[in-house]
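Keep in mind that the numbers below use all heavy atoms, side chains included, and drop hydrogens, waters and symmetry copies. Lettering of chains follows the sequences in order, A, B, ..., and the numbering in each one begins at 1. These numbers come from a predicted model, not from an experiment.
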Number of protein chains: 2
Amino acid sequence: MAKKMLDLMSLYASLKKDLKTIDKALLNLVESEESPIIEQAANQLLAAGGKRIRPIFVLLCARLGKINQAAAMKLAVAIELIHSASILHDDVVDDSDMRRGKISVKAKWDNHIAMYAGDYLFAKSLESVAQMGNPQIHQILSQTTYELSLGEIEQIRYQYDATQNIRVYLRRIKRKTAVLIAASCQLGAIAGGLEQHAKKLYLFGYYVGMSFQIRDDILDYTMTAAAIGKPVGEDLRQGNITLPALLAMKNPLIQAQIASVNETTSPAELQAVLTAIRSSGAIEQAQLVSEQYLRKAVAILDSFQNPTATKPLRQITNYLLDRDD
Amino acid sequence: MAKKMLDLMSLYASLKKDLKTIDKALLNLVESEESPIIEQAANQLLAAGGKRIRPIFVLLCARLGKINQAAAMKLAVAIELIHSASILHDDVVDDSDMRRGKISVKAKWDNHIAMYAGDYLFAKSLESVAQMGNPQIHQILSQTTYELSLGEIEQIRYQYDATQNIRVYLRRIKRKTAVLIAASCQLGAIAGGLEQHAKKLYLFGYYVGMSFQIRDDILDYTMTAAAIGKPVGEDLRQGNITLPALLAMKNPLIQAQIASVNETTSPAELQAVLTAIRSSGAIEQAQLVSEQYLRKAVAILDSFQNPTATKPLRQITNYLLDRDD
């Protein structure tokens, strides 16, 4: 146990330096004397931090091979910029005033600034990577962006739709979350000279992303507002029907309750629906689905038959999903 | 005169077929069973037509050399998709309910759909071009997108700012309009195997774009609502201070009048400001600036020392700017 702890700490120490460099690169990229508004908006978001999960996956996958440090850093920054852009556009839609426990850019400025700041970060990402002149990298980022935009649209399309099925949910979180983590791992493979493993690492990232998003969706039902930095049950109130609700809806009574939720639902009514979902066993079932994806991710790492080399990826995956090694 | 007319008609006949193919490709690309909302939103915009100026410049510049028809068509479609995406995001900001004389996507659906439909068209453009595997093309599109996003931001930054100068205005219209036409010409050069002339044709497109946007900004002061498909003086009312206003502001009285315009300005008050600008001579001065850019564009065509080959570009430029040959 003590050794495990030390290992994780030493992994973090080795990542810390790279993550600082990435944060610095992110801030440098959005520094623009010409557009103080956008700089403020972007800085606000970047400074709020976040876990920098995607850059970490780029770096760790690259380290599986012989890492090209400059390429890995550039790709890590590009991926985080796309992620930030998509958060900015989500904020416009979610009407969420809180993001990462801080007031959101959208609330502080307005929808238009958030939209344009998103456009800007997104364009900046593509522009910074275009200089590398690698068509494969561009294909990956373009495809990822395209899937992300479909995910955004599906989020609206299925908002407050209590007739949607689990397949539709899984496709949505694939596009909204998993594809970007998958691309992080795939780009890491490329930056590590591991083209032959790029597809396998893409799949690893996809499984991690699915497991992670399902867990995140569970937290909206189980954590306190203070711990997740936004009101509890916010997903449901905003019509984002996630796996716990979908599993609970097998009970027609709960299905009817969930179908009745809309923007004007009172906190007390919402509480009643949340309680019904929580006591239905759906949370535990959703947890099992998340773990299933996690096992698939770990199986891919096992297939490398090199426990020492894949250990950091295993550690960070377990950390991300709040699991013991 | 009769011969000129026939020439222009035959140019159009030769373009018509390609433009139909482009329109078909645009509609095919946005056909997506999975997202009926987005398909409707995008179709609505694409069906509204527009002049397809950017695709035309791609094709005509490519024809200056030995055109790769497939590449030219793909690039023409990609450019039009980016243009459409930027229009969708403009509609969010402008609060404009009319676009090309039809009700805008934003008014018909809402801001979120317009934003996501824009994200989608934009991603679709990059994704469709990524398959070509040409890093230079990607660099051009990324750079163009980046400049576009800065232009969007500047439009907000200088909204209702009656202290801005003409240099700021020129930079803004460069980014908002001219860069995309410049990129169209540059991409056309590449699709025509004219890499050695790519920069020159970029500059040609830039000058045409500047001339065109200034003329468009003038029309907002001179045309009837029916003719331009939106209310007269809409730019000024929405705080988009363009060249006629900037030139008229040399008169401090008019400057004060323009500085007082905001969203709540009554139609009668707005009329008074418009009349002041119109009688200041600023419209005529702005027209001279537009013509100056046009002359620079034509000088580039002249530098090819091949009047026959460059004739279609000259014709379409004059048509666009409503000039005699």
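A:Gln131 touches chain B through its backbone: at least one of N, CA, C or O sits under 4.5 Å from a heavy atom, while the side chain does not. For B:Ser142, the parts lying near chain A are the backbone and the side chain together; criterion is any non-hydrogen pair under 4.5 Å.
Remark: A:Thr144 OG1 to B:Glu127 CD distance equals 10.5 Å, nearest 0.5 Å. Atom OG of residue B:Ser128 and atom OH of residue A:Tyr146 lie 10.0 Å apart, to the nearest 0.5 angstrom. For the atom pair CE (A:Met115) and CD1 (B:Ile153), the distance works out to 10.0 Å, reported to the nearest 0.5 Å.
With a 4.5 Å cut-off on side-chain heavy atoms, A:His89 and B:Tyr116 count as touching. With contacts defined as side-chain heavy-atom distances shorter than 4.5 Å, the pair B:Asp119/A:Asp119 qualifies. The closest side-chain heavy-atom distance from B:Ile156 to A:Ile113 is below 4.5 Å. Contact check for B:Leu126 versus A:Leu126: side-chain heavy atoms found under the 4.5 Å cut-off.
Using a 30° and 60° split on the angle between ring planes, A:His138 and B:His138 fall in the parallel class, below 30°.
Ranked by non-hydrogen atom pairs under 4.5 Å with chain A, the options B:Ser149, B:Pro135, B:Gly133 are led by B:Ser149.
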